Number of protein chains: 2
Amino acid sequence: MIRSIAVVGTGLIGTSVALAACRRGVAVYLSDRDPEAARTAAALGAGSAGEPPGPVDLAVIAVPPSKVGMVLIDVQRRGLADAYTDVGSVKTVPERCALDAAPHPARYVGGHPLAGRERSGPLAARGTLFEGRPWVLTPSRLTSPATLERGRLLAELCGAAPLVMASRAHDDAVALTSHVPHLLASLMAARLRDDPAGVSRLAGQGLRDVTRIAGGDSRLWADIIETNAPALAGVVRAVHADLTRLVPALDALAGHGGGDRAEGLRTVVDLLDRGIDGLGTIPGARPGPPEDTPALRVSVPGRPGELGRLLGAVAGLGADAESASVDAAEGGGFTVRCRVSPADADRIAAKLRADGWDAEEDGGDARIAPAQR
Amino acid sequence: MIRSIAVVGTGLIGTSVALAACRRGVAVYLSDRDPEAARTAAALGAGSAGEPPGPVDLAVIAVPPSKVGMVLIDVQRRGLADAYTDVGSVKTVPERCALDAAPHPARYVGGHPLAGRERSGPLAARGTLFEGRPWVLTPSRLTSPATLERGRLLAELCGAAPLVMASRAHDDAVALTSHVPHLLASLMAARLRDDPAGVSRLAGQGLRDVTRIAGGDSRLWADIIETNAPALAGVVRAVHADLTRLVPALDALAGHGGGDRAEGLRTVVDLLDRGIDGLGTIPGARPGPPEDTPALRVSVPGRPGELGRLLGAVAGLGADAESASVDAAEGGGFTVRCRVSPADADRIAAKLRADGWDAEEDGGDARIAPAQR
């Protein structure tokens with residue numbers, strides 16, 4: 001159980017941890033290298049600014065990743081807590097520092113709550129920031145079980161889901177899921193400086209989504225990228241290699257320089273298809289329901305509007321009408337197959353039949369063709 | 001006024017236009033090189049499959065951009081309509097084709113509704129897809145005023161906002177706002193194939209947003225990229241140049257190859273800062289309210305929780321508490337400034353005063369420091 005914590009660094013993440021802990025009745029002590037920031041966090045109701053009267057149960061180091069190791073050594077020397085963790089986005093560098101130079105490496109476990117905002121500083125903090133998010137813990141070979149347990153308790157206190165990983169696996173994964181995406185968002189956004197007029201008139205949700213994360217604090221992000229540079233370099237080199245093939249492909253398609261158009265088109269299609277494949281690794285990122293849900297089969301007459309009426313009825317019953325497949329049937333009608341959640345299959349089929357549709361569960365052909373992309 | 005249209009190509013966009021027109025009482029005739037697709041659109045309630053009995057008021061060519069010119073020549077030869085438009089994402093290539101080879105170039109106006117979905121095909125169509133979206137019209141030097149007017153009426157029929165641009169300006173703008181973002185989303189998503197396990201556990205909203213548009217139909221997108229390659233080549237070359245600087249910068253930061261770390265860090269910070277600048281050209285993409293809204297100034301005592309209580313009260317009154325700036329004041333308290341909408345300034349200041357806060361409108365210092373990023 002955690003009765004007291006010290007939060008070292010009262011920016012967005014540190015203050016959010018402090019607010020969450022305060023709500024659960026934990027005594028929270030706040031400090032920051034800028035005393036005004038700690039005082040602001042205290043005034044927000046995130047705890048008391050200043051040193052605790054004695055060692056707290058857990059110290060939470062909430063400073064940029066390159067500074068975690070240095071701060072850890074300092075607070076362990078001062079005996080600030082029984083156990084120590086941090087909330088930085090990079091885990092191998094602080095772990096190495098803890099193993100090589102901290103007075104009590106067994107009492108440190110790396111931590112990384114996967115939550116953030118484009119705003120930063122204590123005023124942007126939220127006690128609810130971590131709810132339902134993964135909170136990675138990266139015990140080193142020396143981390144004690146009791147210290148890992150404190151890290152896990154902190155994650156749960158904040159409503160997050162603890163997830164234990166090795167620091168190297170964590171850093172490789174966040175390079176792909178967070179740090180390289182940030183760099184690509186910045187690369188795209190940087191190009192918009194070239195044509196503000198056209199951009200402001202035609203910008204849509206796609207552009208906003210691709211560039212949104214480029215709005216983060218550039219000093220903090222530079223620190224993250226610097227600290228995780230070994231993991232990033234390989235991924236960025238692979239992106240660069242793809243672009244090195246894409247530039248002459250576009251030149252060929254544009255009729256510049258005499259390259260082979262067919263070869264250029266193949267390069268573009270290959271990139272787009274690899275992108276679609278890659279999206280398949282993000283849970284829920286590809287449209288359509290999972291393949292293992294049951295299917296309904298409905299026969300629809302060919303009269304104008306009948307197919308629309310059926311799909312409206314299916315959607316109204318809570319099924320995903322858009323993932324339906326439609327095939328021509330004999331006599332000018334259609335056969336519609338759509339996937340429904342297992343809990344709803346019987347109910348939806350019965351309701352469609354009651355409304356006069358020729359509907360049945362599609363047991364004979366469990367794997368149906370995916371909807372047209 | 002438009003009483004009848006022919007939609008040539010019943011994919012996502014063509015069928016959505018047809019559904020919107022049907023709802024407004026327009027007679028809609030549907031065709032597709034795949035007769036099954038036109039029959040599906042008709043069964044969805046989007047009109048009648050087949051040729052109109054005589055020339056319609058407007059033909060809407062809804063085929064991939066590289067095919068628009070060829071289809072335009074064919075349907076003009078057949079006398080399908082009094083006026084012709086299209087809905088493709090690229091406008092210079094069809095315009096050149098109309099000017100060089102179409103029987104009636106005066107009767108064609110290029111069109112591009114800026115709306116789409118990751119799903120494609122008639123089943124994904126929505127009559128509401130274009131509501132509130134820009135719909136670019138690109139009249140050529142030969143387009144007649146009556147034809148431009150028909151294009152404008154179609155956009156309005158679909159609930160969109162017509163916007164007249166030159167075809168070249170349109171293609172340059174969408175290269176930046178849509179086509180290069182798609183390529184970068186694909187470049188990022190393609191990398192995810194390297195590490196499915198880590199990705200699926202740690203993927204968050206940022207990654208989903210950066211990669212979302214990579215899920216579009218790869219054949220259609222290859223056609224768009226091929227057709228707009230002249231506008232894309234320059235932008236992609238500039239992205240490539242930025243990456244060519246970034247790769248050695250990351251190597252230096254990773255300690256590979258002996259590069260200069262300080263120089264590497266400058267390269268990273270420069271990219272991040274240019275990205276933040278570029279975001280400023282997208283309306284509403286940067287956090288915080290516009291600089292020209294009035295500010296409120298509130299004095300807050302330094303007691304723990306008081307600042308949180310004030311910001312909660314400000315947010316409860318409908319103001320943007322997160323954009324507040326907080327400065328230390330004499331006597332251990334704080335001075336808080338926050339921007340409010342002009343319509344609300346008086347009401348919010350009065351309510352804060354009524355609740356005991358020392359609040360006033362901040363007339364003397366209209367331009368306050370932006371909140372910490």
Side-chain angles (χ1 to χ4, degrees), chain A residues 36 42-45 114 119 121 173 176-177 181 184 186-190 192-193 195-196 198-199 202-204 206-207 209-210 212-215 217-218 221-222 225-226 229-230 232-233 239-240 243 247 250 253-254 268-269 271-275 278-279 281-282 287 304-305 307-308 372-373, chain B residues 42-45 114 119 121 173 176-177 181 184 186-190 192-193 196 198-199 202-204 206-207 209-210 212-215 217-218 221-222 225-226 229-230 232-233 239-240 243 247 250-251 253-254 268-269 271-275 278-279 281-282 287 304-305 307-308 328 372-373:
Chain A
E36 213 50 67
L44 286 167
L114 277 90
R119 297 171 185 268
L176 272 171
T177 60
L184 287 182
S186 296
L187 283 162
M188 182 64 236
L192 301 178
R193 303 195 314 167
D195 183 354
V199 166
L202 300 186
L207 179 66
D209 284 354
V210 170
R212 181 179 59 82
I213 57 175
D217 180 331
S218 65
W221 271 96
I225 290 162
E226 177 179 15
L232 283 166
V239 174
H240 182 254
L243 267 175
V247 168
L250 290 171
L253 291 172
V268 169
V269 171
L271 171 63
L272 295 172
D273 283 341
R274 283 188 291 128
L279 270 192
T281 67
I282 309 178
L307 182 57
Q372 187 187 353
R373 258 222 330 274
Chain B
L44 286 167
L114 278 90
R119 296 173 187 265
L176 271 171
T177 60
L184 288 182
S186 296
L187 283 162
M188 183 63 237
L192 301 179
R193 304 195 313 167
V199 166
L202 301 185
L207 178 67
D209 284 354
V210 169
R212 180 179 60 80
I213 57 175
D217 181 331
S218 66
W221 272 95
I225 289 161
E226 177 179 14
L232 282 166
V239 174
H240 183 254
L243 266 176
V247 168
L250 290 172
D251 280 342
L253 291 171
V268 169
V269 170
L271 171 63
L272 296 172
D273 283 341
R274 284 187 293 127
L279 269 192
T281 68
I282 308 177
L307 182 57
Q372 187 188 350
R373 258 221 334 275

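Quick note on labels: first sequence line is chain A, next is B, and so on, each numbered from 1. Please read all numbers here as calculations on a predicted model, not as lab measurements.
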I need the minimum non-hydrogen distance between [X] and [Y], along with the two atoms involved.
X	Y	value
B/A222	A/V268	CA-CG1, 4.2 Å
A/A214	B/L279	C-CD1, 3.9 Å
B/A229	A/A254	CB-N, 3.6 Å
A/L207	B/P181	CD1-CG, 3.7 Å
A/A189	B/G275	CB-O, 3.3 Å

Rounded to the nearest 0.5 angstrom, the CG-CD1 distance for B/L192 and A/I282 is 5.0 Å
Rounding to 0.5 Å, atoms NE2 (A/H240) and CG (B/L187) come to a distance of 11.5 Å
Okay, B/A42 and chain A: the region with an atom under 4.5 Å from a heavy atom over there is backbone
Looking only at A/G206, A/P304, A/A190, the option with the highest number of non-hydrogen pairs under 4.5 Å against chain B is A/A190
Greatest number of non-hydrogen atom pairs under 4.5 angstrom with chain B, of A/L271, A/L307, A/L184, falls to A/L307
Highest number of heavy-atom pairs under 4.5 Å with chain A among B/L250, B/V239, B/T177 belongs to B/T177
Requested in this report: Please test B/D209 against A/I213 for side-chain contact (heavy atoms from CB on, under 4.5 Å), starting from the C-alpha separation and ending with a verdict.
Outcome: CA-CA 9 Å; B/D209 284 354; A/I213 57 175; 6.0 Å; no
Q.
Applying side-chain contact (heavy atoms from CB on, under 4.5 Å) to B/I225 and A/L272, what does each step give before you reach the verdict?
A. CA-CA 10 Å; B/I225 289 161; A/L272 295 172; 4.2 Å; yes
